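Read through the structure below, which is laid out as structure tokens, and then see the notes.
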Amino acid sequence: MQIGEISQRCGITVRMLRFYEAEGLLQPHRTGSGYRDYSEADLEEAKRIKQLADAGLTVEAMHDLLPCIISPKPTFHPCDRLRARLEGEVAKLDQRLADMERSRSQIVGYLADLPVDTLVPMSQD
DNA sequence: ATTCTAACA
DNA sequence: TGTTAGGA
């Protein structure tokens with residue numbers, strides 16, 4: 001399939017698909033005319049990359065993580081770095097969760113103090 | 001119509 | 001990351 005199709009099917013922009021390839025995360029075949037030719041396997045990997053990207057992982061982290069997920073057999077060479085990397089990610093997420101909870105209570109506080117008679121008539125639709 | 005590379009403001 | 005130029 002061409003880049004446009006896989007883009008729609010995995011939710012990664014064409015721009016990002018080319019970027020990830022340059023980073024070595026995806027290696028689609030090329031047609032005679034130089035167009036990228038993605039396989040179903042590439043699509044599945046792209047979907048995994050999508051999830052990792054959504055999870056906030058860097059290309060670096062994905063490089064360590066993907067090999068461990070792809071191969072059915074323990075290719076645990078990169079998994080040492082992987083463990084450290086994932087622990088670091090969890091730490092960062094914990095920090096962000098803490099920060100967000102502070103923001104949340106802050107806003108909930110404002111909401112609680114908000115007068116009840118501030119509603120304005122809605123415009124017609 | 002679609003994609004390719006490279007580079008821009 | 002978007003966008004654009006200039007080709008294929």
Side-chain angles (χ1 to χ4, degrees):
Chain A
M1 71 187 87
Q2 296 188 304
I3 197 171
E5 183 182 342
I6 191 178
S7 173
Q8 295 182 188
R9 297 221 265 162
C10 73
I12 298 176
T13 63
V14 169
R15 178 79 149 82
M16 280 297 111
L17 282 168
R18 295 194 182 115
F19 174 71
Y20 289 142
E21 180 181 345
E23 295 299 306
L25 291 176
L26 282 171
Q27 22 217 260
H29 293 174
R30 294 296 183 124
T31 66
S33 52
Y35 282 21
R36 272 162 269 249
D37 181 37
Y38 296 89
S39 65
E40 291 302 315
D42 290 327
L43 174 60
E44 294 311 305
E45 181 162 343
K47 287 178 179 175
R48 279 185 261 118
I49 291 176
K50 216 304 189 206
Q51 295 186 299
L52 298 180
D54 288 346
L57 294 191
T58 64
V59 170
E60 279 257 28
M62 295 186 210
H63 257 118
D64 292 336
L65 183 56
L66 287 176
C68 291
I69 296 181
I70 296 175
S71 57
K73 304 175 181 180
T75 308
F76 290 138
H77 315 114
C79 284
D80 285 325
R81 280 189 176 181
L82 178 60
R83 176 173 298 281
R85 203 135 246 160
L86 293 181
E87 287 174 343
E89 293 299 334
V90 170
K92 288 182 195 170
L93 289 172
D94 284 342
Q95 180 59 59
R96 289 173 52 194
L97 280 174
D99 291 343
M100 289 177 76
E101 296 224 4
R102 282 204 290 82
S103 299
R104 195 190 121 82
S105 4
Q106 184 81 193
I107 293 177
V108 166
Y110 291 145
L111 195 54
D113 293 341
L114 213 57
V116 295
D117 57 65
T118 54
L119 290 181
V120 158
M122 292 187 292
S123 57
Q124 305 80 350
D125 51 284

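All of these numbers come straight from a predicted model, not from anything done at the bench. Just so it is clear: chains get the letters A, B, ... in the order the sequence lines come, proteins before strands, and each one is counted from 1.
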May I have the distance from A:Q8 (atom CD) to B:dT3 (atom P), rounded to whole angstrom?
9 Å
Listing for DNA chain B: consecutive Watson-Crick or G-U pair runs of at least 3, distance cutoff 3.5 Å, ranges ordered by first number, gives B:4-8 with C:2-6
Rounded distance (Å) that lies between atom C1' of B:dC4 and atom CD1 of A:I3
9 Å
Side chain of A:R15 only, please: which of B:dT3, B:dC4, B:dA7 is the nearest?
B:dA7
Do A:I6 and A:P28 touch side chain to side chain, with heavy atoms closer than 4.5 Å?
no
Would one find more than 12 heavy atoms of other residues, nucleotides or ligands at under 6.0 Å from atom CD of A:E60?
no
Give the rounded distance in Å between these two atoms: NE2 of A:H29 and P of B:dC4.
15 Å
Let me have the donor-acceptor pairs involving side chains of residues 86-103 of chain A, under 3.5 Å, with sequence neighbours excluded, atom names and distances please.
residue : atom : partner : partner atom : Å
A:Q95   : NE2  : A:D99   : OD1          : 3.1
A:S103  : OG   : A:D99   : O            : 3.3

Evaluate side-chain contact (heavy atoms from CB on, under 4.5 Å) for A:L43 paired with A:Y38, printing each intermediate quantity in order.
CA-CA 7 Å; A:L43 174 60; A:Y38 296 89; over 6 Å; no
Closest approach to the side chain of A:Y35, judged atom by atom: which nucleotide of C:dT3, C:dA8, B:dT5 is it?
C:dA8
Among the nucleotides B:dC4, C:dG2, B:dT2, which one has an atom lying closest to any side-chain atom of A:R36?
B:dC4
Take atom CZ of A:R18 and atom P of C:dT3, then tell me their distance rounded to the nearest Å.
13 Å
Give a yes or no on whether A:R104 atom CZ has more than 12 heavy-atom contacts from other residues, nucleotides or ligands under 6.0 Å away.
no
Is there a side-chain contact (heavy atoms from CB on, under 4.5 Å) between A:E23 and A:M62? Walk through the geometry before answering.
CA-CA 10 Å; A:E23 295 299 306; A:M62 295 186 210; over 6 Å; no
Would you kindly give the CD1-to-P distance between A:I12 and C:dG2, to the nearest whole Å?
12 Å
Hey, mind stepping through A:E21 and A:R18 against salt bridge (Lys or Arg N to Asp or Glu O under 4.0 Å) and telling me if it holds?
CA-CA 5 Å; A:E21 180 181 345; A:R18 295 194 182 115; over 6 Å; no
A:D37 CG - B:dT3 C1' separation (whole Å):
13 Å
Round to a whole Å and report the spacing from CZ of A:F19 to P of B:dA7.
17 Å
Please report, rounded to the nearest Å, how far the P atom of B:dT2 is from the CD1 atom of A:I6.
17 Å
Roughly how many Å apart are B:dT2 and C:dG6, using the C1' atom of each and rounding to a whole number?
15 Å
